[in-house]
Structures are given as C-alpha cells and as structure tokens.
Peer 1: 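Mind having a look at this structure? Questions to follow.
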Amino acid sequence: MTINYKKLGFKSGLEIHQQLDTSKLFCNCPSLLRQDEPDFLVSRKLHVVAGESGKIDVAAKHETTKEKEFIYQGYDTTCLVELDEEPPHTINSESLKVALQIALLLNCKIFPITQIMRKTVVNGSNTSGFQRTALIAYGGWVETSYGKVGIDSIFLEEDSARPVSKSETKVVYRLDRLGIPLVEIATKPDIWNAWQAKECALKIGEILRSCKVRRGIGTIRQDINISIKGSNRVELKGFQDPKIMEKTIDT
C-alpha cells in the first residue's frame, strides 16, 4: 500500500547523539568501555534539593519517594570527577574542536560565547544528578533529494553512565561511559516522508564519520520525532541503523 504522506500531514525531525573519539569531556580519563570486573562499588541514593529558582524539581521529588539505591561500578580508569567528588575540569578542547568542525560541515552558525548548562537527571545515570551540556551552534542545513533539512541546534554534552542491571529497588550503573563527549544534532521538522528521513540520517552520518567520532554499536543513537495532522507528536527512540527507519515510520 502506498502512503500519501502529504494527505496525512506528515512531518518529522531527527535527533542524533554521536560519541566523539576523545578523552572525556570534563576530565582526562580515557573514553574506554570496560568488560572486566569492577575495581570498586559505590552506593548512593537520590536526595532532592532546591535549584536556583528556589523550587524542588517535581520529577526528582517523586523519584525520591521510591527509595531506590544506585550502585556505581568504578575502575582504575574512573576518577573523582565521575564520582562527583571533585569539580569538573575545564572542557576538553579537542572535543570542542571536533564539535565545531561538525557544526561548520552542517552549515551552522557558531555561537561566539557559550555556557555549560545543567539538565536535571533523576534516574541515577549521572552521579551529579544532572547532565552538563553546551549549545554550540544553530541555523544550519543538510541537502537531500527532497530538499533541505534545517539543523536547529548542535550541543556538546557528556554521556550518561551505562546501565548494567535494575530492579524496583536497585539500579547498577557502570561509570566507564559517564563523561564521554557527545554531539547532539537536532534537525527542524523538515522531513516529509520516510525515504527522506533515512536519506537525511545517512547524510548526517557521512559528515560525522569524516570527523573524529567513535564507531560501532552504541556510539551513535538516533531518535525520530513524527507527527501527522490531528494527532500528537510521537518520538521513536534508539535507532542504530538507518536501514530500518523507512519500515518503522511507515508502520
């Protein structure tokens, strides 16, 4: 059956997270994923405090009532920054350079000044309770056979800790992934059919692979935001392979 995307009022955008092949974003630890037994374990629980506005985050307050225990597995490649026992170091200059290179290749405008922001994280995947992120560039585009797709924003941020196991009362994380630099690329909703979504993802992927990025399963995560006329927007998360985008969108 042929889908009439125009009649459906279909529009879509991509959000791509790509790990960079450098040391970690706010310390000098290597971006090395470990498969061996951890050298030590740290146990913590979520404690909510008021933010700069003087208010307590509603989601964090709710999560605190669950009394979950977070276990963090550490190695000799883990430092006090990842354990949130030491302030973050100066941002990794090599990671920043790679992010700027990607931004220029995507025809983006570079912000002359940026600020490290903090996004609240309540699932324990960041030991600090937030993710550090910086808005690097905006207003770019990538060309497809169906027309240009705008690049809304490019962020440079730190990856979260890697989940190992979980239950209702306990979650185990591995600290090897925490702090690996990520470039987050968000497109505008300029994608009008499933084929264009796949083509756009592949075009951005080509640009990323021309820069110093990590390769392999888990180093890139792609999400698709989809909406049709008269319905709510839906986010499809976790694409590793653009080949399945067409079928998933059409389904």
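Here the structure is a predicted model, which means the values were calculated and not measured. Hydrogens, waters and symmetry mates are skipped; everything else that's a heavy atom, side chains included, is used.
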Peer 1: Work out which heavy atom in Thr127 is nearest to a heavy atom in Glu82; give both atom names and the distance.
Peer 2: OG1-O, 2.7 Å
Peer 1: Grab the two heavy atoms, one from Val48 and one from Lys61, that are nearest each other, plus how far apart they are.
Peer 2: CG1-N, 3.7 Å
Peer 1: I'd like to check Phe26 versus Ile91 (side-chain heavy atoms, cut-off strictly below 4.5 Å). Are they in contact?
Peer 2: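 The answer is yes; the side chains approach within 4.5 Å.
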Peer 1: Out of Asp176, Asp76, Thr78, which residue meets the side-chain hydrogen bond (donor to acceptor under 3.5 Å, both in side chains) rule with Arg34?
Peer 2: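 Checked Asp176, Asp76, Thr78 against Arg34; only one passes side-chain hydrogen bond (donor to acceptor under 3.5 Å, both in side chains): Asp76.
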Peer 1: For the side chain of Tyr138 and the backbone of Phe111, is there at least one donor-acceptor N/O pair under 3.5 Å apart?
Peer 2: no
Peer 1: Check for me, please, whether Leu83 and Phe130 land in the same ILVMFWY cluster - side-chain distances under 4.5 Å, paths through other members count.
Peer 2: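 No; tracing contacts between hydrophobic side chains, which count when under 4.5 Å, never links both residues.
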Peer 1: Would you compute the distance between atom CG of Leu135 and atom CD1 of Ile113 and round it to the nearest 0.5 angstrom?
Peer 2: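 Those atoms lie 13.0 Å apart.
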Peer 1: Is there a path of hydrophobic side-chain contacts, each under 4.5 Å between heavy atoms of I/L/V/M/F/W/Y residues, joining Tyr146 to Leu14?
Peer 2: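 Yes, same cluster.
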Peer 1: Do Gln19 and Ser31 have side-chain atoms, one donor and one acceptor, less than 3.5 Å apart?
Peer 2: no
Peer 1: Rounded to the nearest 0.5 Å, what's the gap from OG1 on Thr248 to CG on Leu236? Could you check?
Peer 2: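 The OG1 atom of Thr248 sits 7.0 Å away from the CG atom of Leu236.
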Peer 1: Might you confirm whether atom CG of Asn232 has over 12 heavy atoms from other residues, nucleotides or ligands at distances under 6.0 Å?
Peer 2: no
Peer 1: How about Cys29 and Thr77: do any of their side-chain heavy atoms sit closer than 4.5 Å?
Peer 2: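 They are not in contact (no side-chain heavy atoms under 4.5 Å apart), so the answer is no.
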Peer 1: Are any of the side-chain heavy atoms of Ile204 and Thr187 separated by less than 4.5 Å?
Peer 2: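 Yes, side chains in contact.
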Peer 1: Roughly how far apart are Ser145 OG and Gln196 CD, rounded to 0.5 Å?
Peer 2: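 Interatomic distance, Ser145 OG to Gln196 CD, rounded to 0.5 Å: 7.5 Å.
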Peer 1: Given Arg177 and Asp159, is the salt bridge (charged side-chain N to carboxylate O under 4.0 Å, His left out) satisfied, shown in steps?
Peer 2: CA-CA 6 Å; Arg177 195 178 73 179; Asp159 209 341; 3.7 Å; yes
Peer 1: Is there a path from Met245 to Leu8 through hydrophobic residues (I, L, V, M, F, W, Y) whose side chains come within less than 4.5 Å of each other?
Peer 2: yes
Peer 1: For a 4.5 angstrom cut-off between non-hydrogen side-chain atoms, does Lys68 reach Lys166?
Peer 2: no
Peer 1: Applying salt bridge (charged side-chain N to carboxylate O under 4.0 Å, His left out), run through Lys45 and Glu67 and close with a yes or a no.
Peer 2: CA-CA 7 Å; Lys45 287 191 175 182; Glu67 289 288 324; 3.3 Å; yes
Peer 1: Between Glu63 and Lys66, does the salt bridge (charged side-chain N to carboxylate O under 4.0 Å, His left out) criterion hold? Intermediate values first, please.
Peer 2: CA-CA 5 Å; Glu63 286 297 315; Lys66 298 180 181 180; 3.0 Å; yes
Peer 1: I would like to know whether Asp84 and Arg44 meet side chain to side chain contact (heavy atoms under 4.5 Å, CB included); could you show each step before the answer?
Peer 2: CA-CA 11 Å; Asp84 195 38; Arg44 291 188 180 153; 4.2 Å; yes
Peer 1: Which atom pair, heavy atoms only, marks the closest approach of Leu41 to Pro38?
Peer 2: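 Closest pair (atom of Leu41, atom of Pro38, distance): CD2-CG, 4.1 Å.
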Peer 1: Heavy atoms only: give me the nearest Glu158-Leu25 pair and the separation to one decimal.
Peer 2: N-CD2, 3.8 Å
Peer 1: Take Leu182 and Arg221, measure what side chain to side chain contact (heavy atoms under 4.5 Å, CB included) needs, and give me the verdict at the end.
Peer 2: CA-CA 10 Å; Leu182 283 178; Arg221 301 191 288 277; 3.8 Å; yes
Peer 1: Of all the heavy-atom pairs spanning Ser160 and Asn126, show the shortest one and how long it is.
Peer 2: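 Shortest heavy-atom contact: CB-OD1, 3.7 Å.
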Peer 1: Just verifying a value: how many Å separate Thr64 OG1 and His47 NE2, rounded to the nearest 0.5 Å?
Peer 2: 8.5 Å
Peer 1: With rounding to the nearest 0.5 Å, note down the distance linking CD in Glu184 to CD1 in Ile136.
Peer 2: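 Taking CD in Glu184 and CD1 in Ile136, the distance rounds to 11.5 Å.
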Peer 1: Is the side chain of Gln18 donor-acceptor paired with the backbone N or O of Thr219 at a distance under 3.5 Å, no angle test?
Peer 2: yes
Peer 1: Ring-plane angle category for Tyr5 and Trp195, please: parallel below 30°, perpendicular beyond 60°, tilted otherwise.
Peer 2: perpendicular
Peer 1: Do other residues, nucleotides or ligands put more than 12 heavy atoms under 6.0 Å from Lys119 NZ?
Peer 2: yes
Peer 1: Taking all atoms of both residues into account, what is the closest heavy-atom pair of Ile249 and Ala197, and its distance?
Peer 2: CD1-CB, 3.6 Å
Peer 1: What's the separation between atom CD1 in Ile151 and atom NZ in Lys188, rounded to the nearest 0.5 Å?
Peer 2: 10.0 Å
Peer 1: Apply side chain to side chain contact (heavy atoms under 4.5 Å, CB included) to the pair Val172 and Gln73, showing each step before the final yes or no.
Peer 2: CA-CA 7 Å; Val172 179; Gln73 298 179 347; 3.6 Å; yes
Peer 1: Look only at the side chain of Trp192 and the backbone of Asp190, and say whether a donor-acceptor pair between them is shorter than 3.5 Å.
Peer 2: yes
Peer 1: If you define the side chain from C-beta out and look only at heavy atoms, does anything of Lys148 sit under 4.5 Å from Asn107?
Peer 2: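 Result no, sub-4.5 Å side-chain heavy-atom pair not found.
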Peer 1: Distance alone, cut at 3.5 Å: any donor-acceptor contact between the side chains of Ser125 and Asn123?
Peer 2: yes
Peer 1: Ion pair present between Arg209 and Glu206, side-chain N to carboxylate O less than 4.0 angstrom?
Peer 2: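 Result for this pair is no, no salt bridge flagged.
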Peer 1: Taking Leu178's backbone N and O only, do any of them form a donor-acceptor pair with Lys24's side chain (distance below 3.5 Å, no angle check)?
Peer 2: yes
Peer 1: Check for me, please, whether Tyr75 and Ile71 land in the same ILVMFWY cluster - side-chain distances under 4.5 Å, paths through other members count.
Peer 2: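 No, separate clusters.
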Peer 1: Less than 4.5 Å apart, side chain to side chain, heavy atoms only: is that true for Ile224 and Ile191?
Peer 2: no
Peer 1: Could you walk me through whether Leu156 and Leu20 pass the side chain to side chain contact (heavy atoms under 4.5 Å, CB included) test, one step at a time?
Peer 2: CA-CA 10 Å; Leu156 177 60; Leu20 305 185; 4.0 Å; yes
Peer 1: State, yes or no, whether a side-chain contact exists between Cys200 and Val142 at a heavy-atom distance under 4.5 Å.
Peer 2: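 Heavy-atom side-chain distance check passes, below 4.5 Å.
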Peer 1: Do Phe70 and Val42 sit in one hydrophobic cluster, given that two such residues count as connected whenever their side-chain heavy atoms are within less than 4.5 Å of each other, even indirectly?
Peer 2: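 Yes; Val42 is reachable from Phe70 via cluster members.
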Peer 1: Is the number of heavy atoms from other residues, nucleotides or ligands under 6.0 Å of Glu37 CD greater than 12?
Peer 2: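 It does not: Glu37 CD has 12 such atoms or fewer within range.
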